[in-house]
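In this text, all values refer to a predicted model and were calculated from it rather than measured experimentally. Values below: all heavy atoms of this structure, side chains included; hydrogens, waters and symmetry mates excluded. Nothing fancy with the numbering, it's 1 onward along the sequence.
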Amino acid sequence: MASKSSRGPVDLPSFFADLVRCETRLYNALNDRLRERHGIVTSQYESLRFLRDHPGSRVADLATEFAIGIGASSKAVDRLEKQGWVVRRTNPADRRSSLLDLTPAGRHLIEAAEDTFTTTLTELTADILNGSAGAAAVHVLSELRAALEHDQIGLPTG
């Protein structure tokens with residue numbers, strides 16, 4: 001069912017296509033810049049940033065945040081750990097799981113990469129997102145994400 005706006009009905013298939021293509025193009029551009037300057041890709045940047053902002057998280061917390069499977073999340077952490085950017089420590093509350101923390105090298109990397117990420121994203125979006133239309137778009141996407149997360153829509157089943 002199409003929702004209504006002040007300009008008429010929303011073309012939901014076009015909205016979806018625009019949303020996905022914008023995300024893909026931004027993600028790929030950020031991948032290129034992060035790889036070029038820091039030797040990481042956007043998914044690694046996002047994981048490192050999450051772990052910096054949520055020290056002591058579990059693999060399951062990463063999986064929930066990024067709506068990916070536990071196995072994919074665990075493999076991503078394995079790769080970060082192999083690079084020396086993340087360490088696992090036994091969870092004292094549940095010895096079956098590990099808690100994740102950034103190493104000093106991981107913390108240094110995310111601090112350097114964050115500037116590149118923010119600068120690149122600003123370059124790619126500032127002309128479009130500045131002003132009231134951009135603020136409205138940010139608000140709408142934030143509300144949509146919150147509703148989907150609240151209702152646990154789009155989580156992997158495995």
Show every donor-acceptor pair shorter than 3.5 Å between a side-chain atom in residues 20-27 and any protein atom, with sequence neighbours excluded, or say none if there are none.
unit_1	atom_1	unit_2	atom_2	d
Thr24	OG1	Val20	O	2.9
Tyr27	OH	Ser43	N	3.3

Listing, residues 97-107 side-chain donor-acceptor contacts under 3.5 Å, not counting sequence neighbours, or none:
unit_1	atom_1	unit_2	atom_2	d
Ser97	OG	Asn91	ND2	3.0
Ser97	OG	Asp94	O	3.3
Asp101	OD1	Gly56	N	3.1
Asp101	OD2	Arg89	NE	2.5
Asp101	OD2	Arg89	NH2	3.2
Thr103	OG1	Gly84	O	2.6
Thr103	OG1	Trp85	O	3.4
Thr103	OG1	Ala105	N	3.4
Thr103	OG1	Gly106	N	3.0

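Taking hydrophobic clusters as Ile, Leu, Val, Met, Phe, Trp and Tyr residues chained together by side-chain heavy-atom distances below 4.5 Å, Ile153 shares a cluster with Leu144. Under a hydrophobic-cluster definition in which Ile, Leu, Val, Met, Phe, Trp and Tyr are linked whenever side-chain heavy atoms come within less than 4.5 Å, directly or via other members, Leu51 and Val41 are assigned to different clusters. Residues Leu148 and Leu19 share a hydrophobic cluster, clusters being chains of Ile/Leu/Val/Met/Phe/Trp/Tyr side chains in contact below 4.5 Å. Under the 4.5 Å side-chain heavy-atom criterion for Ile, Leu, Val, Met, Phe, Trp and Tyr, Leu30 and Leu129 are members of distinct hydrophobic clusters.
Atom CD1 of Ile40 is separated from atom CD of Glu46 by 10.5 Å, given to the nearest 0.5 angstrom. Interatomic distance, Arg58 CZ to Arg96 CZ, rounded to the nearest 0.5 Å: 10.5 Å. Taking CZ from Arg37 and CG from Asp32, the interatomic distance works out to 11.5 Å, rounded to the nearest 0.5 Å. Here the straight-line distance linking atom CZ of Arg49 with atom CD of Gln44 works out to 16.0 Å at 0.5 Å rounding.
At least one side-chain heavy atom of Arg33 sits under 4.5 Å from a side-chain heavy atom of Glu123. A 4.5 Å side-chain heavy-atom check between Asp11 and Pro13 finds at least one atom pair inside the cut-off. Residues Glu65 and Asp61 are not in side-chain contact: their nearest non-hydrogen atoms beyond the backbone lie 4.5 Å or more apart. Contact check for Thr116 versus His38: side-chain heavy atoms found under the 4.5 Å cut-off. Thr122 is not listed as a side-chain neighbour of Thr119, based on a closest heavy-atom distance of 4.5 Å or more. You'll find the side chain of Ser73 stays beyond 4.5 Å of the side chain of Phe66, heavy atoms only.
Shown here is Arg88, whose CZ atom has more than 12 heavy atoms of other residues, nucleotides or ligands within 6.0 Å. Taking a 6.0 Å sphere around CG of Leu155, one finds it holds more than 12 heavy atoms contributed by other residues, nucleotides or ligands. No more than 12 heavy atoms of other residues, nucleotides or ligands shown are found within 6.0 angstrom of CD on Gln152.
In this structure a side-chain-to-backbone donor-acceptor pair under 3.5 Å is missing from Thr90 to Arg95.
Residues Ala63 and Ile70 approach most closely at CB-CD1, 3.9 Å, considering heavy atoms. Shortest non-hydrogen contact noted between Ser47 and Leu80 is CB-CD1, 3.8 Å. A pairwise comparison of heavy atoms in Ser74 and Val59 identifies N-CG1, 3.5 Å as the closest pair.
Ring pair Phe117/Tyr45 is parallel by interplanar angle, where below 30° counts as parallel and above 60° as perpendicular.
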Check against side-chain contact (heavy atoms from CB on, under 4.5 Å), Asn28 and Thr42: CA-CA 8 Å; Asn28 290 343; Thr42 307; over 6 Å; no

From CA spacing to verdict: salt bridge (Lys or Arg N to Asp or Glu O under 4.0 Å), Asp78, Lys75: CA-CA 5 Å; Asp78 289 346; Lys75 287 178 184 177; over 6 Å; no

